[in-house]
S.K.: 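Before anything else, here's the structure in question.
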Amino acid sequence: MKQQTCLRARVGGWRPDGSSWVQIKDNGVGLAERLERAAQTVKQVYSECPSYDELIPALLKHGLWDLPQHCKFKPSVPIKPMLAKPTNGISEVLEKFKDQEFTCEYKYDGERAQIHLMDGGKKIMIFSRNSENMTPKYPDIVARLPGCLAPGVDSCVLDGEAVGWDPEHKKILPFQAKEGEVEFALAKTSRDIEELETFLNEAVDASTEGLIVKTLVDAYDPSKRSSHWLKLKKDYLEGVGDTFDVVPIGAWHGKGKRTGLYGAYLLAIYDADSETYQTISKLGTGFSEEKLAELTELLRPHVIPAPRRYYQWGETQEPDVWFAPVKVWEVKCADLSISPVHRAAQGLVDESKGISIRFPRLVRVREDKSPEDATSAHQVAEMYRMQAVERVLILMVLVFQDRHNVVWHHYYYYYYY
DNA sequence: TTATTCTGCCC
DNA sequence: ATTATGT
DNA sequence: ACATAATGGGCAGAATAA
């Protein structure tokens with residue numbers, strides 16, 4: 001956040017004649033103290049109203065110390081949404097929220113949607129996680145929202161997740177009994193490990209990503225805590241989740257702090273039928289700086305001038321250097337997808353497209369495996385089929401009034417495309 | 001005009 | 001997104 | 001605890017090439 005820069009510009013400045021001014025009254029406190037308070041004020045105001053278009057005119061008109069009275073949280077100005085921190089398991093959740101009430105909700109795999117109702121209920125805007133205006137993307141939400149509001153509600157901000165849904169197959173969906181457009185979220189409040197474990201499994205079986213864990217009493221206050229919710233996904237658990245044994249067949253030169261090292265690798269699985277290495281993804285995370293340097297040195301001797309004839313990769317995935325197939329690495333992912341560029345299991349699930357993996361990261365180097373022992377194309381295809389499920393389009397909605405008087409309503413709002 | 005590549009956003 | 005790292 | 005900086009797949013729309 002840039003509030004420090006902002007502060008300097010507001011509390012002081014230079015007149016055209018070159019003299020400087022400071023817009024702070026001396027209340028008997030030191031300058032450092034006053035600056036600290038000023039910073040706090042601006043930070044607080046900015047967190048509720050993160051818009052320079054709002055802040056600057058208000059500052060010029062009313063001054064710094066009256067800013068909180070004139071620049072408040074309101075529909076039309078998107079705030080930074082609460083985020084969630086990755087968590088290793090239910091025991092870690094219990095540990096972190098030892099003295100707090102909390103609830104767990106399904107973590108739907110969609111797009112964050114912050115919905116603003118304003119102008120006496122006449123106007124709706126929808127913002128993304130990064131406060132981009134997504135309103136044109138969701139005409140159906142805009143159309144349906146008025147019918148989902150309690151009578152008299154003409155101003156609110158809703159925070160939720162928009163998720164895909166195939167209406168043809170809604171019978172297989174866990175929410176099918178819930179025909180209405182607005183329902184309470186599927187959530188569980190419990191401190192029982194087994195019960196929560198079961199709930200996590202149900203969430204995964206329902207083809208969601210896992211659970212979001214939220215304290216029940218804390219205010220929605222992104223100024224103080226950027227990640228005060230917790231997220232619990234199956235693939236965070238050690239020894240759980242999809243892993244692959246893959247072969248690095250190429251690499252790109254690293255940038256910034258990875259200058260001089262390979263910064264990312266091109267990974268392939270092995271198809272014994274065609275005796276080819278087929279690209280499944282790139283890899284750029286999961287290694288410490290030390291490991292990264294080590295891997296660079298390990299692979300450098302295996303650079304070859306041109307790709308092997310039996311490599312299959314996408315034209316847009318041309319690495320800076322190619323390797324002979326010598327190493328096997330274990331990588332973990334969250335999901336598999338049909339890929340426009342990668343070639344793993346090409347022809348097995350889709351005639352022309354291969355399969356790729358979502359959120360790949362290194363788990364460990366497999367010294368015990370040879371490249372021919374890498375995950376096979378058939379295994380990849382089978383894993384894809386296992387996870388292929390119909391998708392839902394849902395909006396999880398959190399209603400809140402203001403940061404000191406928070407009203408939590410968790411809804412799901414269903415819509416179709 | 002259309003096809004391809006690039007960019008910037010989502011996760 | 002994930003992960004590692006530095007303040 | 002938090003912010004920053006490396007990096008991932010995929011998609012849509014913009015920019016560019018043909």
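In what follows, chains carry the letters A, B, and so on, assigned in the order in which the sequence lines appear, proteins first and then strands, with residues in each chain numbered from 1. Excluded from the calculations below are hydrogen atoms, water molecules and symmetry mates; all remaining heavy atoms, backbone and side chain alike, are included.
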S.K.: For A/Asn133 and B/dC10, what is the distance between atoms CG and P respectively, to the nearest whole Å?
M.R.: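 In whole Å, B/dC10 P lies 12 Å from A/Asn133 CG.
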S.K.: If you go through the side-chain atoms of A/Thr285, does one of them form a donor-acceptor pair with the base of C/dT2 closer than 3.5 Å?
M.R.: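 By the distance-only test, yes, there is a pair.
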S.K.: Expressed in angstrom and rounded to an integer, what is the separation of A/Asn88 atom CG from C/dT3 atom P?
M.R.: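 Roughly 9 Å, once rounded to whole Å.
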S.K.: Side chain of A/Glu289 only, please: which of C/dT2, C/dT5, D/dG9 is the nearest?
M.R.: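 Selected nucleotide (nearest to the side chain): C/dT5.
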S.K.: Looking at C/dT3, D/dT7, D/dG10, which one has an atom nearest to any side-chain atom of A/Arg361?
M.R.: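 The answer is C/dT3, which lies nearest to the side chain.
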S.K.: Is it the case that A/Gln100 and A/Thr215 place a side-chain donor and acceptor less than 3.5 Å from each other?
M.R.: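 There is no such pair between these side chains.
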S.K.: Starting at OH of A/Tyr262, measure out to CG of A/Leu292 and round the result to the nearest 0.5 Å.
M.R.: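 Interatomic distance, A/Tyr262 OH to A/Leu292 CG, rounded to 0.5 Å: 11.0 Å.
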S.K.: Counting side-chain heavy atoms from CB outward, which of D/dT7, D/dG10, B/dC11 is closest to A/Ser356?
M.R.: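 The listed nucleotide nearest to A/Ser356's side chain is D/dG10.
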S.K.: With DNA chain C as reference, determine whether A/Pro86 or A/Glu290 sits nearer its 5' end, using the nearest nucleotide of each.
M.R.: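 Of the two residues, A/Pro86 wins.
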S.K.: Can you tell me which nucleotide in D/dA6, B/dC9, B/dC11 comes closest to the side chain of A/Glu209?
M.R.: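 Of the options given, the side chain of A/Glu209 lies nearest B/dC11.
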S.K.: Under 4.0 Å, heavy atoms only, any strand: does A/Ser339 hit a base, just the sugar-phosphate, or nothing?
M.R.: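 Sugar-phosphate, backbone atoms only, no base.
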S.K.: Under 4.0 Å between a side-chain N or O of A/Lys257 and OP1 or OP2 of D/dA6?
M.R.: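 Result: no.
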S.K.: Select one nucleotide: of D/dG8, D/dA6, D/dG9, the one nearest the side-chain heavy atoms of A/Arg258.
M.R.: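 Of D/dG8, D/dA6, D/dG9, D/dA6 is nearest to the side chain of A/Arg258.
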S.K.: Taking the nucleotide of DNA chain B with the closest heavy atom to each, which residue, A/Thr316 or A/Ser131, is nearer the 5' end?
M.R.: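 Checking each residue's closest nucleotide, the 5'-ward one belongs to A/Thr316.
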S.K.: Take the protein atom CG of A/Asp335 and the nucleotide atom P of D/dG8, then report the distance between them rounded to whole Å.
M.R.: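 Nearest whole value for this atom pair: 18 Å.
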S.K.: Measure the distance from NZ on A/Lys282 to C1' on D/dG10 and round it to the nearest whole Å.
M.R.: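 So the NZ-C1' distance, A/Lys282 to D/dG10, works out to 13 Å.
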S.K.: Whole angstrom is fine here: how far is it from CH2 in A/Trp252 over to P in D/dT7?
M.R.: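 That distance rounds to 12 Å.
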S.K.: To the nearest Å, how far apart are A/Leu83 CG and C/dT3 C1'?
M.R.: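 Checked: the CG to C1' distance equals 16 Å.
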S.K.: Under a plain distance cut-off of 3.5 Å, with no hydrogens placed, do A/Ser51 and A/Asp53 share a side-chain donor-acceptor pair?
M.R.: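 No.
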S.K.: When we call it a touch if two heavy atoms are under 4.0 Å apart, what does A/Tyr236 touch: a base, just sugar-phosphate, or nothing?
M.R.: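 Sugar-phosphate: the residue A/Tyr236, judged by heavy atoms under 4.0 Å, touches backbone atoms but no base.
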S.K.: Report which part of the nucleic acid A/Lys233 touches: base, sugar-phosphate, or nothing (heavy-atom distance under 4.0 Å, all strands).
M.R.: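 The residue A/Lys233 makes sugar-phosphate contact but no base contact.
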S.K.: Just to be sure I understand the rule, does A/Ile357 reach a base, reach only the sugar-phosphate, or reach nothing, if contact means heavy atoms closer than 4.0 Å?
M.R.: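 Sugar-phosphate, backbone atoms only, no base.
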S.K.: Assign each of A/Phe359 and A/Ser288 to its nearest nucleotide of DNA chain C by heavy atoms, then name whichever residue's nucleotide is nearer the 5' end.
M.R.: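 Its nucleotide being nearer the 5' end, the pick is A/Phe359.
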S.K.: Write down the distance between CG (A/Asp242) and P (C/dT2), rounded to a whole number of angstrom.
M.R.: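 Value for this atom pair: 14 Å.
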S.K.: So does A/Lys98 get a backbone contact from the side chain of A/Arg191, meaning a donor-acceptor N/O pair under 3.5 Å?
M.R.: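 Pair found, side chain donor or acceptor close to backbone of A/Lys98.
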S.K.: State whether the side chain of A/His116 and the backbone N or O of A/Met125 hold a donor-acceptor pair below 3.5 Å, judged by distance alone.
M.R.: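 Absent.
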S.K.: Report which part of the nucleic acid A/Ile338 touches: base, sugar-phosphate, or nothing (heavy-atom distance under 4.0 Å, all strands).
M.R.: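 Sugar-phosphate contact only - A/Ile338 comes under 4.0 Å of backbone atoms but never of a base.
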S.K.: Between D/dT7 atom C1' and A/Leu292 atom CG, what is the distance in whole Å?
M.R.: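 The distance from CG of A/Leu292 to C1' of D/dT7 comes to 10 Å, rounded to the nearest Å.
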S.K.: Between D/dA5, D/dG9, B/dC11, which one does the side chain of A/Asp109 approach most closely?
M.R.: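 So the nucleotide nearest the side chain must be B/dC11.
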S.K.: So, A/Phe73 versus A/Tyr220, ring centres under 6.0 angstrom or not?
M.R.: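 No - the distance between ring centres of A/Phe73 and A/Tyr220 does not fall below the 6.0 Å cut-off.
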S.K.: Choosing from C/dT2, B/dC10, C/dT5, which nucleotide comes nearest the side chain of A/Lys231?
M.R.: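 Closest nucleotide to the A/Lys231 side chain: C/dT2.
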S.K.: For the side chain of A/Asn130, starting at C-beta, report the closest nucleotide among D/dG10, B/dC10, C/dT2.
M.R.: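 From the listed options, B/dC10 comes nearest.
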